[in-house]
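Only one structure is covered here, and it is reproduced in the block below.
Numbers for residues simply follow the sequence, beginning at 1.
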Amino acid sequence: MRIKPIIMSLAGAAVMWSCSTPKDVSYVQDINEGTYQMATLSGAIKAAPDDKLSIVVNSKDPALAALFNLPVQAARIGSKYAQSDFTSGISLYTVDAYGNIDFPLLGDVHVGGLTRSEIAREIKQKLIQENLIKDPTVTVEFANAGISVLGEVAHPGRYAMASDRVTILEGLAMAGDLTIQGERKNVVVMRENPDGSTQVYKVDLTSANDLYASPAYYLQQNDVIYVDPNAYKKRQRQANGNTTLTASFWLSVASLLTTIAVLVFK
């Protein structure tokens, strides 16, 4: 009889199918050794409303520079210029809805849409132009810049941005990378625009061309990365028990048919 070998083959195929490696797991599959990929945007984070900035002015004359560095005590009693980070002892400037900060002696300084280095240059130029200080050195840091990573990653959560340029791959690495059941071809990045609207980008991590060309390759503060479960994980969520959607169902069928064949044709 040829029925028994056929049934055994079907059972083996079912086992192999259930244990097969999911497709499209590797990143940037279309990149070749020795080739170069260039991102389309510089990617440095830019100041936006509600950002908190640490701004420190230094000079050869410390007493003069001190006029532009808010003492923490002043911020604690309600200074109009800044808010204080009590844990670090740093006075922080909050960017208002119009993209401005209220800087000592200079008044409103527009920083919205500027990078960290551009803000430092803007304040330095104003201090010199107003003849307030001749040799200022201005240091600017983003105090609360961060991203959120959700979905099929090892450690979902909010993560601080430690540098001016953080890529989507670095953001996912902060969250422990995608799980094996994460959809690599359709990673979503949600970005809030200055006008309050939300821009949604979809990134294919398996394609170097798509990844590096995406406006979401470099992340901005408050970006939200969402990793959708792949088709296999979705089927698991939809299936309850041994339904026709599960591999265990087909394994059970193959096992039953094999047992029947052995009993009938031995």
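Applying the salt bridge (Lys or Arg N to Asp or Glu O under 4.0 Å) definition to pairs two or more places apart or across chains, those involving residues 131-143 are Arg116-Glu141.
Taken to the nearest 0.5 Å, the NZ atom of Lys202 stands 12.5 Å off from the OG atom of Ser214. One finds the CD atom of Gln220 at 12.5 Å from the CD atom of Gln199 (value rounded to the nearest 0.5 Å). Atom CG of residue Asn69 and atom CG of residue Asn58 lie 6.5 Å apart, to the nearest 0.5 angstrom. Atom CD1 of Ile55 and atom CG of Leu53 lie 5.0 Å apart (nearest 0.5 Å). Rounded to the nearest 0.5 Å, atoms CZ (Phe68) and CD1 (Ile133) are 5.5 Å apart. Between the CD1 atom in Ile123 and the CZ atom in Phe103 there is a gap of 4.5 Å [rounded to 0.5 Å].
Between Val203 and the options Val188, Asp210, Asn186, Leu169, a side chain to side chain contact (heavy atoms under 4.5 Å, CB included) holds for only Asp210.
Closest approach of Gly99 and His110 over heavy atoms only: O-ND1, 3.4 Å. Summarising the geometry of Val187 relative to Ile225, their closest heavy-atom pair is CG1-CG2, 3.7 Å, with the distance given to 0.1 Å. Residue Arg158 comes nearest to Ser148 through the heavy atom pair NH1-OG, 3.8 Å, listed as atom of the first residue, atom of the second, then distance. Taking all atoms of both residues into account, the shortest heavy-atom contact from Gly171 to Ile147 is CA-CD1, 3.7 Å. Closest of all the heavy-atom pairs between Gly176 and His155 is CA-CD2, 4.1 Å. Between Leu150 and Pro156 the shortest heavy-atom distance is CA-CB, 4.4 Å.
More than 12 heavy atoms of other residues, nucleotides or ligands lie within 6.0 Å of CG in Asp108, so this atom counts as buried by the packing criterion.
Looking at heavy atoms from C-beta onward, Ile119 lies out of side-chain contact with Val138 at the 4.5 angstrom threshold. Annotation: side chain of Leu132 is not in contact with side chain of Leu67 (no heavy-atom distance under 4.5 Å). Between Ile45 and Phe142 there is a side-chain heavy-atom pair separated by less than 4.5 Å. With a 4.5 Å cut-off on side-chain heavy atoms, Leu114 and Lys46 do not count as touching. Two residues are said to be in side-chain contact when any heavy atoms from C-beta on lie closer than 4.5 Å; Val149 and Met174 fail this criterion. Proximity of Lys124 to Pro136: side-chain heavy atoms (C-beta onward) are separated by under 4.5 Å at one or more points. Glu122 places a side-chain heavy atom less than 4.5 Å from the side chain of Val109. With a 4.5 Å cut-off on side-chain heavy atoms, Glu192 and Asn222 do not count as touching.
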Going through the checks in order, is the side-chain contact (heavy atoms from CB on, under 4.5 Å) test met by Leu178 and Leu205? CA-CA 11 Å; Leu178 281 70; Leu205 299 180; 4.1 Å; yes

Evaluate side-chain hydrogen bond (donor to acceptor under 3.5 Å, both in side chains) for Ser59 paired with Asp61, printing each intermediate quantity in order. CA-CA 5 Å; Ser59 167; Asp61 186 344; over 6 Å; no

Run Arg191 and Asp223 through salt bridge (charged side-chain N to carboxylate O under 4.0 Å, His left out) and show every step you take. CA-CA 5 Å; Arg191 177 171 299 164; Asp223 277 359; 2.8 Å; yes

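Ion pairing between a basic and an acidic side chain is recognised when a charged N comes within 4.0 Å of a carboxylate O; Lys126 and Glu130 show no such pairing.
In this structure, the side chain of Arg184 engages the main chain of Gly182 through a donor-acceptor pair within 3.5 Å. The main-chain N or O of Lys52 is found under 3.5 Å from a side-chain atom of Asn144 such that the two form a donor-acceptor pair.
Looking at residues two or more places apart in sequence or on another chain, you find a side chain to side chain donor-acceptor pair (under 3.5 Å) between Ser197 and Asn193, Asp195.
There is a side-chain donor-acceptor pair under 3.5 Å between Thr179 and Glu152.
Val56 and Ile128 are not part of a single hydrophobic cluster, where members link through side-chain heavy atoms under 4.5 Å apart.
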